[in-house]
Asks: 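I am attaching a structure below and will ask some questions about it afterwards.
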Amino acid sequence: MNQPMEKYNFHEIEVKWQKIWTEKDYAKADDFSDKPKHYHLVEFPYPSGAGLHVGHCMGYGASDAYCRMKRMRGYNVLYPIGWDAFGLPTENYALKTGVHPTVATAENINTFKKQIKSLGYSFDWNREINTTDPAYYKWTQWIFLQFYKHAIIDGKLIEVADDDTVTERLAYQKEMPINWCPSCKIGLANEEVISGKCERCSTETEKRSQKQWILRITAYADRLINDLSSVNYLDKIKTQQINWIGRSTGAEVMFSIKNHKTGLTVFTTRPDTLFGATFMVISPEHPLIKNIANSIENKEEIDEYIREAAKKSDLERTEMNKEKTGIEIKGIKAINPVNNEEIPIFVADYVLASYGTGAIMAVPAHDDRDWEFANKYDIPMRQVVAPEVTYYKTKPIEGKPWVDRVVTESIIHDPRTNKYLVLKWKKQPWNTFITGGIEKDEDIIEAAKREIHEETGYKNVKLVKNLGITRPSFYAAHKDENRRAIFHGLLFELENDERDETDQSEKDIHDIVWLNRGDLTIDSIVCASFDYWMEALDNKEAAFCGEGIAINSDFLDGLSTDEAKTKITKWLEQHDLGKAAVNYKLRDWIFSRQHYWGEPIPIIHCQKCGMLPLDEKDLPLELPMVERYEPTDNGESPLARIDEWVNITCPKCGGSAKRETDTMPNWAGSSWYYLAYAMQERNTKYEIRNTDRVQPDENIFKQKKHELDYWIPVDIYNGGMEHTTLHLLYSRFWHKFLFDLGFVPTSEPYAKRIAHGIILGPDGQKMSKSRGNVINPDEMVKEYGADTLRAYVMFIGPYDQESAWNTTGIQGVHRFMNRVWNNQKLVTTQNDDKALLIKLNQTIVGISEDLENFGLNTVVSKLMEFNNTLEKVGHISTESYRKFLQLLSPVAPHIADEIWQKHEFTRTTEESSWPEADPNYLVGDEIEVVVQIDGKVRNRLTVSSTITDDELEQAALASARTQEFIGGKEIDKIVVVPKRLVSIATKG
RNA sequence: GCCGCGGUGGCGGAAUUGGUAGACGCGCACGACUCAAAAUCGUGUUCCGAAAGGAGUGUGGGUUCGAUUCCCACCCGCGGCACCA
């Protein structure tokens, strides 16, 4: 190849190879093979009018590189693509232009397809799916019907008869307040409301009551948490799922209401604090208000508050969270079942109707929200948990006996001088507050006063504040024992100077000193509870929400929080006053939308027979053509306007009936699409259509059982971080349901989930049209080529982090491609230099590992490093060059194939196998070793790579430079790290 | 507030079973080519210092022969959740 190098004409090369790959059907996955399978899923795009986004390139390019490598390694790879095409943007477009969504979708898909193909991604187009294709959504509807026809009872899936109106179906209809977006005119799932605003248009949502279809995802809540332990997701994703489901364990407690038969049941995670409940709160929507309306003395006031609360949008309610409001229900009292205390009941909107029982017992001393509320409305608090403190100055000593005590610790304040009294000890270098043990049955205040009198002589002190109760552990040196003590902190005020002479024995021990607040510090005073007392002293106390030791709680006293929870729950169960209970933040999934462009819900409403599922053989229930797409103002779907579609005869009684007019949400079609890919090898072989050989009693999942058994689970699911809660949770839920039905072989759909970061605009801001910082992949392909764009999005930064687009960065990668192209001329028949062979083999090892771990930025940098070495060495053998092209091929497949072909290798790079490193060429003959002296690098030695530790140590010491830095000092220690370094520590 | 993640040159970022900090790329400087520019190629580029040397991975402490990596405390940034009892 001595002719002058022709220019790197990437455009020509890329078009050429894309055509060849398509003709060869290179990416085709085979159902069943002797090869190991790899099912690699990327999130299928929503074909919007805006076209492909560089963010898509990030995910698809990374996965494409991975899949190409896997194919070279001999895997039967399934890497499919399709279209998640139902949804609002297309409907809005239709609304504006009158173009039917089907037409707009087809156009958009065309554009997307062209763009995706221009990037050379190796998708298996034989398995392309489209959620808006009736052949596809037939099965989305079919799965919905299965939800309707089944229930989970005692953890088991059972079938529910059509006329059964009692059993709780997995799909059910219910009148309920929904989040209504007045702009989109659509009901939103809780998940689609972001801090009170519509996820799509950011309009404030309203509450609206409407009949809605709901999927009972909560029936799977525990499994959705527990099964996370069996999958390989990023911890971040697992945590997000767990938090979203929000499982809390605790107890339900029944409070009775004085002079009423009705009770009030609450859910609490802290039943151990039951003795500290000083009031109760119910949500404004709570039925109790209706049930006992006649007993309420301030009914009007309450009604007004409820009306106000109902008017508030979710946004207002959350914004209001700075200041809690509420109102006491006068005329009724609740009775605390453990001590029969009468406590007031409030209505307040900080308690949510939708969580737990919609009512709480309020324990202001141990809950921030209750604390705030009690403070505002001046409700008494009672501490029932003492925080445990281990005193840092005198830590308990293992092996010493433990002694329990109850102690008062008093701080005396003199308001005239604003100083605090401490005892300055004579024999010990410390100060203390006035402490003393409490005798049996002695009043705490009296005991404290007695102690104050004994130790200071002051006769007239007045208790001004309870500083709290703590439970410190410490070592008491004078008795040589460990102590666990309940400390009562008390603040007294000195009323006058009237004082008795103290005993000589007291005078011998300590003096009395008055200090300013500023001189009371944790170091100057021996006091285990110092921080707690000072917080209270400075009026900065807060609810103690942590765990500790139960106090003021009768039979729970002395127990740890965990022990107390167990004991009180048992007690409640024994007395039929409550039970252990679990609650979730996760709500059931509101599954209906009042829109046109979605899957029709296949249900029939007959006046006589009630609700009926559409017969499965009548699926798919196709969307009718309409003229107008606007949702109706009363919130009904546009389908409700088409009389000839809505009105049908009841399949059961033959009378008049109506179709359900709600459609499914955007999430429906994507909840099972990965199964559809696996069930559709090619259109010629099998089409998912109701017109072909599906028997009435058969379904596609049964027919395609072998294919599903072969492909499922998805081995790697790569997508955006933004879908890691909702879509992932929904599809896991559907999959578990299908697993229960026996249609899929695993309980989890995705063995591994990875997520890529987003690409920001060059300004570091999220790309958006309005900011004008959008990078168009088409333009990048035109200017630099697909290979450069592919390599650049890999090189841009760590795969899972967000990164900003850098215009000069892509130029740098393009320069690399050009250099790769030009370096073809360096291929010779000469033998390779050893240095090049070593670099090559190290690169093979490094890239293989990095690709496997999605360390894509370093894959590219390692290719660059090798290229740099090649340029320095100046020549490369054909054999080594082939290996380099193979390593390059997943990242930049077009240029790799083109050069490969020019060098007249048969087959394409992809058809070749992944190179193996030669272990003989991973380390050179000579290595550089570092000598550290007293922790600093002082010397570098070039030694044989076979050197032993002893030889290395000797070589290090023998070096003149080493000796110079040791400078005659005595050597304390020498550490040799084999073939890496020698560390010499000198004395002094 | 709670949970999670992170903080390394002028910039994006490499390197963690503790073992040469700054790979690779960008930018910048100088040089070659050119009438000139762009492109390309070469050399250099953590900071201070002429050098010897010293300092250095958010801050402060600790463990160690040795810490970006481990431990403690703190500061800052980002992401998620947010009155979930």
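In what follows, chains are A, B, ... by sequence order, proteins preceding strands, each numbered from 1. Note that the structure is predicted; figures quoted are calculated from it, not measured.
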Asks: Using the P atom as the point on both nucleotides, what is the distance between B:A39 and B:C30, in whole Å?
Replies: 15 Å

Asks: What nucleotide, of B:C83, B:C24, B:U20, holds the atom closest to the side chain of A:V937?
Replies: B:U20

Asks: By nearest atom, which of the nucleotides B:C3, B:A23, B:G19 is closest to the A:T239 side chain?
Replies: B:C3

Asks: Which whole-number value in Å describes the distance from A:D850 CG to B:C24 P?
Replies: 15 Å

Asks: If each of A:G935 and A:S354 is mapped to the nucleotide of RNA chain B with the nearest heavy atom, which maps nearer the 5' terminus, i.e. the 5' end?
Replies: A:G935

Asks: Would the base of B:C26 count as contacting A:T808 through its side chain, where contact means a donor and an acceptor less than 3.5 Å apart?
Replies: no

Asks: Base, sugar-phosphate alone, or nothing: which one does A:N857 contact when heavy atoms must sit under 4.0 Å apart?
Replies: sugar-phosphate

Asks: Output the single nucleotide from B:G19, B:C83, B:A85 whose closest atom is nearest the side chain of A:V977.
Replies: B:G19

Asks: Between A:R819 (CZ) and B:U40 (P), how many Å, whole number?
Replies: 10 Å

Asks: Rounded to the nearest Å, what distance is computed from the NE2 atom of residue A:H366 to the P atom of nucleotide B:A85?
Replies: 17 Å

Asks: Over all strands shown, is A:N868 touching base, sugar-phosphate only, or nothing at heavy-atom distances under 4.0 angstrom?
Replies: sugar-phosphate

Asks: Give one of base, sugar-phosphate or nothing for A:G812, where a contact means two heavy atoms less than 4.0 Å apart.
Replies: sugar-phosphate

Asks: Figure out the CD/P separation between A:Q842 and B:C24, and round it to whole Å.
Replies: 13 Å

Asks: Any side-chain N or O of A:S248 less than 4.0 Å from the OP1 or OP2 oxygen of B:A85?
Replies: yes

Asks: Any base atoms under 4.0 Å from A:R247, or only sugar-phosphate, or nothing? Heavy atoms, all strands.
Replies: nothing

Asks: Looking at B:U57, which nucleotide sits across from it as a Watson-Crick or G-U wobble partner, both distances under 3.5 angstrom, or is there none?
Replies: none

Asks: How many whole angstroms separate atom NZ of A:K872 from atom C1' of B:C24?
Replies: 13 Å

Asks: What interatomic distance, in whole Å, is found between P of B:G13 and the corresponding atom of B:G7?
Replies: 10 Å

Asks: Nearest to the A:R961 side chain among B:C26, B:C65, B:G53, which nucleotide is it?
Replies: B:G53

Asks: So does A:K324 reach the base of B:C83 with its side chain, donor to acceptor, closer than 3.5 Å?
Replies: yes

Asks: For B:C5, which nucleotide in any strand shown is its Watson-Crick or wobble partner with both distances under 3.5 Å?
Replies: B:G77

Asks: For B:U20 and B:C65, measure between their C1' atoms and round to the nearest Å.
Replies: 16 Å

Asks: Partner lookup for B:A39, please. Criteria are Watson-Crick or G-U wobble with both distances under 3.5 angstrom; report none if nothing qualifies.
Replies: none

Asks: Pick the P atom in B:C24 and in B:U43, then give their distance to the nearest Å.
Replies: 12 Å

Asks: Are A:W371 and A:F544 an aromatic pair, judged by ring center distance below 6.0 Å?
Replies: no

Asks: Using the P atom in both, what is the distance from B:U45 to B:G22, to the nearest Å?
Replies: 12 Å

Asks: Determine which nucleotide pairs with B:U68, using a 3.5 Å limit on both distances of a Watson-Crick or G-U wobble pair.
Replies: none

Asks: For A:I796, answer base if it contacts any base atom (sugar-phosphate contacts may also be present), sugar-phosphate if it contacts only those atoms, and nothing otherwise; contact means non-hydrogen atoms under 4.0 Å.
Replies: sugar-phosphate

Asks: Which value, in whole Å, describes the distance between the P atoms of nucleotides B:C74 and B:G66?
Replies: 27 Å

Asks: Could you work out which one of B:G13, B:G19, B:G53 sits closest to the side chain of A:P798?
Replies: B:G13

Asks: Side chain of A:K236: nearest nucleotide among B:G4, B:A21, B:A85?
Replies: B:G4

Asks: Give the rounded distance in Å between these two atoms: CG of A:N243 and P of B:G79.
Replies: 17 Å

Asks: In a check of side-chain hydrogen bond (donor to acceptor under 3.5 Å, both in side chains) between A:Q241 and each of A:R753, A:R732, A:K236, which one passes?
Replies: A:R732

Asks: Looking only at side-chain N and O atoms, does A:K936 come under 4.0 Å of OP1 or OP2 in B:A55?
Replies: yes

Asks: Return the value, rounded to whole Å, for the distance between atom CD of A:E849 and atom P of B:A23.
Replies: 21 Å

Asks: Looking at B:U40, does its base get a donor-acceptor pair with the side chain of A:R815 below 3.5 Å?
Replies: no

Asks: Under a 3.5 Å limit for both distances, which nucleotide forms a Watson-Crick or G-U wobble pair with B:C28, could you say?
Replies: B:G44

Asks: Can you figure out which of B:A14, B:G66, B:G53 approaches the side chain of A:F965 most closely?
Replies: B:G53

Asks: Check every atom of B:A85, B:G19, B:C81 against the side chain of A:R980 and return the nucleotide holding the closest atom.
Replies: B:G19

Asks: Mind checking A:Q811 for me? I need base, sugar-phosphate or nothing, with any heavy atom below 4.0 Å counting as a touch.
Replies: nothing

Asks: Apply side-chain contact (heavy atoms from CB on, under 4.5 Å) to residues A:L863 and A:F884 and explain how you reach the verdict.
Replies: CA-CA 8 Å; A:L863 289 168; A:F884 168 68; 4.0 Å; yes

Asks: Using OP1 and OP2 only, check whether a side-chain N or O of A:R938 sits under 4.0 Å from B:G54.
Replies: yes

Asks: Is any side-chain heavy atom of A:I242 closer than 4.5 Å to one of A:R247?
Replies: no

Asks: Decide side-chain contact (heavy atoms from CB on, under 4.5 Å) for A:R587 and A:T218; before the verdict, give the C-alpha distance in whole Å, the side-chain angles of both, and the deciding distance to 0.1 Å.
Replies: CA-CA 6 Å; A:R587 314 286 152 79; A:T218 50; 5.6 Å; no

Asks: B:G25 and B:C71: how far apart are their P atoms, nearest whole angstrom?
Replies: 34 Å

Asks: In plain terms, say whether A:K540 and A:E535 are close enough for a salt bridge, that is, a side-chain N and a carboxylate O under 4.0 Å apart.
Replies: no

Asks: Does B:G9 fall in syn (glycosidic angle within 90° of 0) or anti?
Replies: syn

Asks: Could you state the atom-to-atom distance from CD1 of A:I237 to C1' of B:G79 in whole Å?
Replies: 13 Å

Asks: Evaluate the ring planes of A:H723 and A:H727, with Trp represented by its six-membered ring, and classify them as parallel (under 30°), tilted (30 to 60°) or perpendicular (over 60°).
Replies: perpendicular

Asks: Starting at CD of A:E926, measure out to CG of A:L941 and round the result to the nearest 0.5 Å.
Replies: 11.5 Å

Asks: Using purine N1 to pyrimidine N3 plus N6-O4 or O6-N4 for Watson-Crick, or N1-O2 and O6-N3 for G-U wobble, each under 3.5 Å, what pairs with B:A85?
Replies: none

Asks: Expressed as a whole number of Å, how far does the P atom of B:C81 sit from that of B:A73?
Replies: 28 Å

Asks: Test A:Q240 against every option in A:T725, A:D235, A:T724 by the side-chain hydrogen bond (donor to acceptor under 3.5 Å, both in side chains) rule and name the one that passes.
Replies: A:T724

